Q: 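Questions regarding the structure given below will be posed in turn.
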Amino acid sequence: MSKNILITGATSGIGRAVALECLKRGYKVAATGRRAELLAELKRAAPGRVFTYLHDVTTGGAAQIIAVADKEMDGVNIVLINAGYGDIDLDLKEEVELKTVNTNVFGFTDAACAAYRYFKKNGGGVLGAVSSIASFRGGWAAPAYNASKAFVGNYMEGLRVKSYREKSG
Ligand SMILES: NC(=O)c1ccc[n+]([C@@H]2O[C@H](COP(=O)([O-])OP(=O)(O)OC[C@H]3O[C@@H](n4cnc5c(N)ncnc54)[C@H](OP(=O)(O)O)[C@@H]3O)[C@@H](O)[C@H]2O)c1
C-alpha cells in the first residue's frame, strides 16, 4: 500500500506533529491550513514529498482539495481531519461559539463527506478525525467545543457503520 496522507490543520500542534512523523516514515503528505508561511516551512522539511493547500475549512471546498491532492500525490490513502478550534468562553460570546461550530462541525462535515465519497469511489482508504476527551460530557467553560467534538465522534461512528454496510472500504 502506498502511503499518501492528507492532514487538515497541519501547520501547528497535533497536525504538524503527525505530518512530521509521517514524513519520517516515508509518506507523501498533503497539508492544509491558513498560515502560508508554516505550510512553506513544512514543505522545506521534505522537498518533493509535501504538498500544501492554503484552505480555511469554514469556507467548504474540501472535495476540491482532495481532488487536487489526488492528482499531485498520485492518490490519497489516508485522510486525517484534524483542523479544529476551541476557546474558553465564559461570556458565551457568539463569535467564539459560532467559530467553534463553523470549524469543528461545518469544516469537519465538509471534509468527512468529501473523504468518504473519494474513498468509496477509489477502492477504500483510511479516514480519521481528531475529537477530544471533551466530547464525553457537556462543558461549562467551552460548551460549543465539547458539543462539537461529540458531533465529530458520533459522525465518525456513523460513517464506520455506513462503510461496513456499504462495503465501501
Ligand atoms: N491540544 C489539545 O489538548 C487537544 C486535545 C483534544 C483534541 N484536540 C484537537 O486536536 C486538533 C488539533 O489541535 P491542536 O491542539 O494541535 O491545536 P493547534 O496547534 O491550534 O492546531 C490547530 C490546527 O487547525 C488549523 N485550523 C484551525 N482553524 C482552521 C480553519 N478555519 N481552517 C483551516 N485550518 C484551521 C490550524 O491551522 P491554521 O491556523 O494555519 O489555519 C492548525 O493547523 C483540534 O481538532 C483540536 O480540537 C486538541
Side-chain angles (χ1 to χ4, degrees), residues 4-24 27-46 49-70 72-73 76 78-90 92-116 118 126-160:
N4 299 343
I5 185 170
L6 185 150
I7 305 167
T8 72
T11 50
S12 64
I14 295 168
R16 181 170 183 275
V18 173
L20 292 174
E21 184 61 32
C22 288
L23 290 172
K24 214 186 285 174
Y27 288 43
K28 282 192 262 183
V29 173
T32 82
R34 294 163 302 176
R35 287 171 288 175
E37 69 285 3
L38 296 179
L39 289 174
E41 187 185 307
L42 197 58
K43 209 168 196 166
R44 285 194 294 275
R49 286 198 291 127
V50 180
F51 303 82
T52 57
Y53 308 96
L54 206 53
H55 182 230
D56 181 339
V57 302
T58 65
T59 64
Q64 287 93 308
I65 304 275
I66 294 174
V68 179
D70 169 67
E72 294 191 326
M73 297 202 296
V76 177
I78 308 167
V79 171
L80 178 63
I81 307 171
N82 165 75
Y85 167 77
D87 205 356
I88 302 296
D89 188 19
L90 301 181
L92 222 54
K93 292 189 284 297
E94 284 89 345
E95 72 211 54
V96 175
E97 299 300 290
L98 296 179
K99 184 175 171 183
T100 305
V101 170
N102 288 337
T103 307
N104 301 357
V105 176
F106 176 92
F108 158 79
T109 305
D110 181 51
C113 296
Y116 187 94
Y118 171 83
V126 176
L127 175 58
V130 180
S131 177
S132 171
I133 196 167
S135 67
F136 292 128
R137 302 298 300 266
W140 65 275
Y145 184 76
N146 291 47
S148 70
K149 291 302 184 177
F151 180 93
V152 169
N154 190 292
Y155 198 103
M156 290 297 285
E157 186 174 302
L159 290 192
R160 179 157 55 84

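Every number for a ligand or one of its atoms is a count from 1 in the order of the listing. All of these numbers come straight from a predicted model, not from anything done at the bench.
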Q: For the side chain of Lys28 and the backbone of Met73, is there at least one donor-acceptor N/O pair under 3.5 Å apart?
A: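 Confirmed, Lys28 side chain pairs with Met73 backbone.
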
Q: With no hydrogens and no angle check, is any side-chain donor or acceptor of Ser135 less than 3.5 Å from a backbone partner on Asn146?
A: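 Pair absent, no side-chain N/O of Ser135 close to backbone of Asn146.
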
Q: Is there side-chain contact between Val57 and Thr103, with at least one heavy-atom pair below 4.5 Å?
A: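 Contact flag for Val57/Thr103 side chains = yes.
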
Q: Under the side chain to side chain contact (heavy atoms under 4.5 Å, CB included) test, which residues partner Arg137, sequence neighbours left out?
A: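 So Arg137 forms no side chain to side chain contact (heavy atoms under 4.5 Å, CB included) with any residue.
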
Q: Counting only heavy atoms and a distance below 4.0 Å, can you name the residues contacting ligand 1?
A: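 Its neighbours under 4.0 Å (heavy atoms only) are Gly9, Ala10, Thr11, Ser12, Gly13, Ile14, Gly33, Arg34, Arg35, His55, Asp56, Val57, Thr58, Asn82, Ala83, Gly84, Thr103, Val130, Ser131, Ser132, Tyr145, Lys149, given by chain and number.
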
Q: When rounded to the nearest 0.5 angstrom, what is the spacing between CD1 in Ile7 and CD1 in Ile14?
A: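 Going from the CD1 atom of Ile7 to the CD1 atom of Ile14 covers 11.5 Å.
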
Q: Less than 4.0 angstrom from a charged side-chain N to a carboxylate O is my criterion; do Lys24 and Glu21 meet it?
A: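 Salt bridge present between Lys24 and Glu21.
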
